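The shown structure was predicted, so the numbers you read here are calculated from the model rather than taken from an experiment.
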Amino acid sequence: MSKDNKSGGKTATDPSAKDTHYATLRRAHRDAKRERGEIPTPQPQKRKRGGEDWKPPTLAPDQVHLYGLHTVRAALDNPERKKIKLFVTQNALARLEVDVEALGIPFEIVSPQEIDKVLGPEAIHQGVMLETRPLPVRRLEALKESPLLLVLDQVTDPHNVGAIMRSAVAFNAGAVITTQRHSPTESGVLAKSASGALELIPYIQVTNLADALGELHKLGFSTIGLDSEGPAPLEGTFSGEKVALVLGSEGKGLRQKTRETVNALARLDMPGSIKSLNVSNAAAIALYAARIHLKA
């Protein structure tokens, strides 16, 4: 007569224990065959959050959803940003390191899934979302004291524009100027890519870029368009005490009208076999070169 297994564990004759043993042997055999290349290694599956049928909610023209810890923290610190409501998970609230009671705006403790419903399953929100109004509109006239500006000619990718903003802030540019059409508007994606820089530098969208360049000329700026086939290296093209760098779209580069309006066209000299860079990388290099000129 066998004794009862009072501890609740599996006995040697327990069928489930035998199944577990054989399952372990099968996994070991399968892993060995994968190591020898006899069977393929399965591709890791992307984690799904139930958003296959997600549709973005309709936002009002004056409604912006910012997300991500760094982005939201920068927006909360910006006195020019009109904040409406903060949505945050309990865990993100601790990481945000702000006194929400002292913010003076409504806030709600939510689950990550509730934020997913608003932003979509692909947004890396880190458990925090801030509903805001767009930043105040800036005018070119307000930039007359800035020695360095960055102008974008229909750069459409918000990730590129966000990265460019970070470089512009790093090199203390006075503003990022772009077109109203074929350029990203203020949005959560742009702000997340800028990682706080949207709150630190004016983002000015103009109706007519050629007219805006003409206005910059009147304000004393020397405008230089970046072109991979420009007639001279950028570092030998600078002149004056105010510089506005003009960069074109990811594929087409500068438009013909823009090329005709800038004071000069210049190239980034690259000794390697690749002669063109992503627009955000080119912007960072050009900003560095411009700063060297302005310090001289």
Side-chain angles (χ1 to χ4, degrees), residues 64 74-75 77-82 133-155 158 160-187 190-191 193-226 234 237-249 254-255 257-266 279-280 282-296:
V64 178
D77 288 340
N78 185 2
E80 296 188 0
R81 171 72 72 177
K82 174 67 176 177
R133 298 284 182 258
L135 288 167
V137 175
R138 302 290 187 90
R139 304 297 179 189
L140 295 181
E141 175 65 25
L143 306 175
K144 60 184 178 181
E145 301 303 324
S146 301
L148 179 59
L149 303 176
L150 201 56
V151 182
L152 306 179
D153 186 7
Q154 297 190 347
V155 177
N160 274 338
V161 175
I164 288 169
M165 280 187 173
R166 285 179 55 80
S167 295
V169 170
F171 289 103
N172 201 28
V176 173
I177 302 166
T178 188
T179 55
Q180 287 184 344
R181 295 184 61 193
H182 306 294
S183 297
T185 57
E186 186 178 329
S187 68
L190 174 62
S193 301
S195 191
L198 180 61
E199 310 299 323
L200 301 174
I201 188 169
Y203 182 55
I204 302 176
Q205 293 187 288
V206 296
T207 304
N208 187 300
L209 189 59
D211 289 348
L213 292 173
E215 189 171 344
L216 292 180
H217 294 157
K218 293 178 182 177
L219 294 173
F221 284 91
S222 170
T223 57
I224 303 175
L226 270 291
L234 175 62
T237 310
F238 292 114
S239 64
E241 298 179 354
K242 293 183 179 181
V243 174
L245 298 166
V246 188
L247 290 90
S249 65
L254 297 173
R255 290 176 294 166
K257 182 64 173 177
T258 305
R259 293 167 62 91
E260 295 170 354
T261 307
V262 295
N263 294 134
L265 291 171
V279 64
S280 63
I285 295 171
L287 285 165
Y288 176 78
R291 272 293 162 200
I292 296 297
H293 161 73
L294 293 172
K295 285 181 179 179

With under 30° as parallel and over 60° as perpendicular, where do the rings of Phe238 and His293 fit, or are they tilted in between? parallel
*Apply salt bridge (charged side-chain N to carboxylate O under 4.0 Å, His left out) to Arg255 and Glu260, showing your working.*
CA-CA 9 Å; Arg255 290 176 294 166; Glu260 295 170 354; over 6 Å; no
One should read off an interatomic distance between Gln154 CD and Thr179 OG1, to the nearest 0.5 angstrom, of 5.0 Å
Notebook entry, point to check: Is any side-chain heavy atom of Leu213 closer than 4.5 Å to a side-chain heavy atom of Val246?
Noted result: yes
Donor on one side chain, acceptor on other, Thr223 and His217, under 3.5 Å: yes
Q: Given salt bridge (charged side-chain N to carboxylate O under 4.0 Å, His left out), test Arg81 with Glu186 step by step and report yes or no.
A: CA-CA 12 Å; Arg81 171 72 72 177; Glu186 186 178 329; 2.4 Å; yes
When rounded to the nearest 0.5 Å, the distance separating CZ of Phe221 from OG of Ser146 is 6.0 Å
Look at Glu141 together with Lys218 and state whether they make a salt bridge at an N to O cut-off of under 4.0 Å.
no
What I'd like to find out is whether the side chain of Arg166 reaches to under 4.5 Å of the side chain of Ser195, using heavy atoms alone. yes
Does the Lys242 side chain pair with the main chain of Leu216, one donor and one acceptor, at a distance under 3.5 Å?
-> no
In short, Ala289 meets Leu234 closest at the heavy-atom pair CB-CD2, 4.1 Å
To the nearest 0.5 Å, atom CG of Leu287 lies from atom CG of Leu149 at 10.5 Å
*Check the pair Leu245 / Val151 against side-chain contact (heavy atoms from CB on, under 4.5 Å), numbers first and verdict last.*
CA-CA 6 Å; Leu245 298 166; Val151 182; over 6 Å; no
The reported gap from CD in Gln180 to OG1 in Thr207 (rounded to nearest 0.5 angstrom) is 4.0 Å
Does Val64 reach the side chain of Arg133, with side-chain heavy atoms less than 4.5 Å apart? no
Heavy-atom closest pair (Leu254 atom, Gly248 atom, distance to 0.1 Å) is CD2-N, 3.4 Å
When rounded to the nearest 0.5 Å, the distance separating CD1 of Ile164 from OG of Ser280 is 6.0 Å
Would a distance-only check, ignoring hydrogens and angles, find a side-chain to backbone donor-acceptor pair under 3.5 Å from Glu199 to Leu135?
no
So OG1 of Thr258 and CG of Asp153: to nearest 0.5 Å the spacing works out to 3.5 Å
| message | Working note: Leu148 + Asn172, criterion side-chain contact (heavy atoms from CB on, under 4.5 Å); need CA distance, chi angles, decisive distance, verdict. | response | CA-CA 8 Å; Leu148 179 59; Asn172 201 28; over 6 Å; no
Do Thr178 and Leu209 have side chains that approach each other closer than 4.5 Å (heavy atoms only, starting at C-beta)? no
| said: I'd like to know whether Thr237 forms a side-chain contact (heavy atoms from CB on, under 4.5 Å) with Asn263, so could you lay out the CA-CA distance, the side-chain angles of the two residues, the decisive distance to 0.1 Å, and finally the verdict. | reply: CA-CA 10 Å; Thr237 310; Asn263 294 134; over 6 Å; no
Compare all side-chain heavy atoms of Ser183 with those of Gln205 and state whether any distance is below 4.5 angstrom. yes
Practice prompt. For the pair Leu150 and Ile177, evaluate side-chain contact (heavy atoms from CB on, under 4.5 Å) and give the outcome as yes or no after the intermediate values.
Written response: CA-CA 6 Å; Leu150 201 56; Ile177 302 166; over 6 Å; no
Note to self: Just so I know, are the side chains of Pro184 and Tyr203 near enough to count as touching, which here means a heavy-atom distance under 4.5 Å?
What the structure shows: yes
Scanning both residues in full, the closest heavy-atom pair of Ile201 with Ala173 reads CD1-O, 3.5 Å
